[in-house]
Amino acid sequence: MWDWNYVFDILPELLSALKMTVWVTLCAFVVALIIGLLLAFAARSQWKPVSLMTKGIIEFIRNTPLLVQVFFLYYSLPLLTGISIPAFYAGVIGLGLHYSTYLSEVYRSGIEGVPKGQWEAATALNYTKAQTWRSIILPQAVPPIIPVLGNYLIVMFKETPILCAITLVEMMLTAKNIVSQSFRAFEPYTLVGILFLIISYIASLLVQRLEKRMNLQRGK
Amino acid sequence: MVAFFSAVLAIAMSFAAGLSRLSKLWIVRTVTAVYVEIFRGTSLLVQLFWLYFALPFIGIELPKMLAAILAIGFNFGAYGSEIVRSAVLAVPKGQWEASVALNMKPWQRMWNVILPQASLRMLPPFGNQLVELIKSTSLVYFITMADLTYQAMVLRNNYISWTTEILVLLLLMYFVIATLVSMAVRLLERKWTAGRL
Amino acid sequence: MNAVVIDAFAGAEVPQPDPNPAAEVKPMVRYKGVTKSFGDLQVLKGIDLEMQPGEKVAVIGPSGSGKTTMGRMLMTLEEPTEGTIEVDGELLWHMQEKGRLVRANEKHLHRMRCSVGMVFQHFNLFPHMSVLRNVTEAPRKVLGLSKEEAEERAVSMLGKVGLDDKLKMYPANLSGGQKQRVAIARALVMRPKVMVFDEVTSALDPELVGEVLEVIREIAEEGDMAMMLITHEMDFAKEIADRVIFGADGLIVEQGTPEEIFDNPRSERLQNFLQRFRSN
């Protein structure tokens, strides 16, 4: 039932697809980190229309499925704008944008964790708004949320199979292709599952260690 | 349909697994820990594929509906168990001690004292998970189950030029459903916590 | 609320900074009819106060009397509901635009803040920076000093507060008294013309109060900077203040020299207040 020869036959192919999967995840994570921060700023804006609109956008993206959003990016945008996006970029943007809304919440909690006195001290020393953000607020808001950001990286990694729907050749689609050639489904899908399990388990151990180390540092 | 049944399964699994992880028997704890790690460590989509496409090769053939419910239910059950576990642990130790002092049996302690307090804490994260669950039902599209997304994509195949309208409408439908659900949970939360916290 | 402030001044004549030609020096700070409300609660009900350059003014009074709000307004952390504040002859919270008085913009506030400094009750040191960087950061970023200049200034200022041996340490490893001394150095290094000390010893353990007061006393003796000392340390106020202000219920009830205030209180409120303090 479990054919080891077959497993070793298909493993290289899956592993090279794994590289693609990791690459998509990392690119999308960078997109999410940047857009998430921008969303967090915009949601804090003192200008009411901006903050309300930002919150609306965040709610909308959070409350609709990634799969449908990716379909929209891949199938609809070319019709609307005339520019067709390759599957890779559509995947990176879709995944990144979706999780940027989650990360903006993470940033928000980090920013609100900085005591009010820090803002006041910055004012008393005559920092400009930009200087206050750059050298006082963000350096204190970001370190505590790094473990949470790490967890979202793992979550995003596990969401990449969805992107096979827009023909992005990551692990899932590779497995599907293998299945359609050989008509053996058990080994490919099980292997994909095991690969995901190994990587996300190791990654979550790393995040836990990071968290412990940072807690120690903060306790000093 | 899928959402409802898988949500019920997910909540049942959450409590079962969440409480078993606090069990005194190490074997129970280990088995549940393995369950939780496996379902949290792999993607929902991979689990769905595995249940629907891979299992038949070892002689277990599941109907689409059942595969979908099991995959989503077990997946979210694994996440939910963590919510249950941490909510139970967050109940102050004095509450345990008080119920021991009143000579309650273990299940009485859990049922009458601990869970009512813990469930207040569980409600908001469960609400979030419910929204995620509804979103995730779109994935059953991959096993060609006739859910919202699948229907929309079939529709799209027939009317390619209407792609944008169809997809926007689809997004809006999910948004409305998810928003209604999260509003309902918030309402429930307010009713439950009124006068208690 | 802000709109109200602007309306109140719409078309009003621009107040002359110095209506009293007889005065030899113009005041460093002048509060004119300043009120402050938080929602329905009016914490300041009309404050008029002048501080001369280099003058040390102690502000005493029961908690909740609005003392801290007064200081925070001078540091632009709190906006007056009504009234004006002048610093060095210039309006702090307002500016002229096309002959009308309007609410100050960020640029105006930024310029005005060059003259003012503040030390907080809870220190508000930057926990992610070493002691030295806490003191050099603002001179470099805000005043545009070079690294060397800023460090030279910072080290000499930290020497003055007796902490030049702790440059590489982080705030978390300092005692409360040491933290507050760093905070004082951090504010002084910006060379403000007037400095607000907002209950700087209230958050300290009793045995650490002395070292902080000692540092403030030395600064006061140097003389050229005006100081607003919001404090509960009566003996200290008596010793270093040129003038003492007693505030209660959002008004200045009594003011005078330390001798007048502490040895010859006229109002009943002040008498009661001092009595309660002595019996403690």
Side-chain angles (χ1 to χ4, degrees), chain A residues 33 37 40-42 44-52 106-150 210-220, chain C residues 2 68 71-79 106-107 109-129 133-144 169-174 179 182-192 194-198 203:
Chain A
L33 281 178
L37 187 61
F41 281 142
R44 283 182 61 93
S45 167
Q46 280 166 5
W47 211 43
K48 266 276 153 58
V50 172
S51 74
L52 280 180
V106 178
Y107 281 120
R108 187 184 60 87
S109 71
I111 291 166
E112 282 174 7
V114 178
K116 221 175 117 228
Q118 295 291 312
W119 290 92
E120 296 184 346
T123 306
L125 292 171
N126 211 0
Y127 281 66
T128 61
K129 271 266 156 58
Q131 286 169 337
T132 307
W133 277 107
R134 248 205 350 263
S135 55
I136 311 298
I137 304 304
L138 287 182
Q140 293 184 67
V142 171
I145 60 171
I146 287 175
V148 189
L149 294 177
L210 190 71
E211 202 174 351
K212 247 182 224 154
R213 234 185 48 199
M214 292 187 31
N215 281 344
L216 279 180
Q217 256 177 15
R218 232 172 311 150
K220 76 187 171 182
Chain C
N2 299 328
T68 289
R72 288 168 60 84
M73 283 175 164
L74 191 55
M75 191 62 258
T76 69
L77 296 171
E78 223 73 80
E79 189 175 348
E106 188 54 39
K107 205 176 138 202
L109 289 175
H110 187 75
R111 193 167 55 81
M112 292 304 292
R113 277 196 291 258
C114 291
S115 312
V116 190
M118 181 160 177
V119 183
F120 298 88
Q121 181 178 357
H122 294 286
F123 331 129
N124 297 347
L125 288 180
F126 303 131
H128 58 300
M129 297 179 185
R133 252 198 82 199
N134 257 286
V135 185
T136 54
E137 182 84 356
R140 289 180 61 191
K141 291 256 161 75
V142 180
L143 304 180
M169 286 177 85
Y170 280 80
N173 298 326
L174 300 178
K179 278 185 206 168
V182 175
I184 291 170
R186 185 178 69 172
L188 278 177
V189 85
M190 302 296 283
R191 299 191 178 154
V194 53
M195 192 133 111
V196 180
F197 291 82
D198 182 16

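Every chain is numbered from 1 and lettered A, B, ... according to where its sequence line falls, protein lines coming before strand lines.
Shown here for C:P171 and C:K179, the closest heavy-atom pair between the two residues is O-CE, 3.2 Å.
Comparing C:M129, C:K141, C:H110 by how many heavy-atom pairs each has under 4.5 Å with chain A, the most go to C:H110. Per-residue counts of heavy-atom pairs under 4.5 Å with chain A were compared for C:L77, C:T76, C:V196; the largest is that of C:L77. Considering only heavy-atom pairs separated by less than 4.5 Å from chain A, the leading option among C:M190, C:M118, C:R186 is C:R186.
Between the side chain of A:Y107 and the backbone N or O of A:F41 there is no donor-acceptor pair closer than 3.5 Å. The closest donor-acceptor contact from the side chain of C:D198 to the backbone of C:F120 lies at 3.5 Å or more, if one exists at all. Remark: side-chain polar atoms of A:S135 are not paired, donor with acceptor, to backbone N or O of A:T132 under 3.5 angstrom.
Going from atom CG of C:L143 over to atom CG of A:L125 covers 9.5 Å, rounded to the nearest 0.5 Å. The distance from the OG1 atom of A:T123 to the CD1 atom of A:I136 is 10.0 Å, given to the nearest 0.5 Å.
Residue contact with chain A, scored on non-hydrogen atoms closer than 4.5 Å, is absent for C:M112. Proximity to chain A (any heavy atom under 4.5 Å) is restricted, for C:L125, to the backbone atoms N, CA, C and O. If you measure heavy-atom distances from C:F126 to chain A, the contacts under 4.5 Å come from both the backbone and the side chain. With a 4.5 Å cut-off on non-hydrogen atoms, A:Q131 touches chain C through its side chain but not through its backbone. For C:Q121, no part lies near chain A; criterion is any non-hydrogen pair under 4.5 Å. For C:H122, no part lies under 4.5 angstrom from a heavy atom of chain A.
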Exercise for the section: Evaluate the criterion side-chain contact (heavy atoms from CB on, under 4.5 Å) for residue pair C:M75 and A:E120; output intermediate values, then yes/no. Expected result: CA-CA 9 Å; C:M75 191 62 258; A:E120 296 184 346; over 6 Å; no
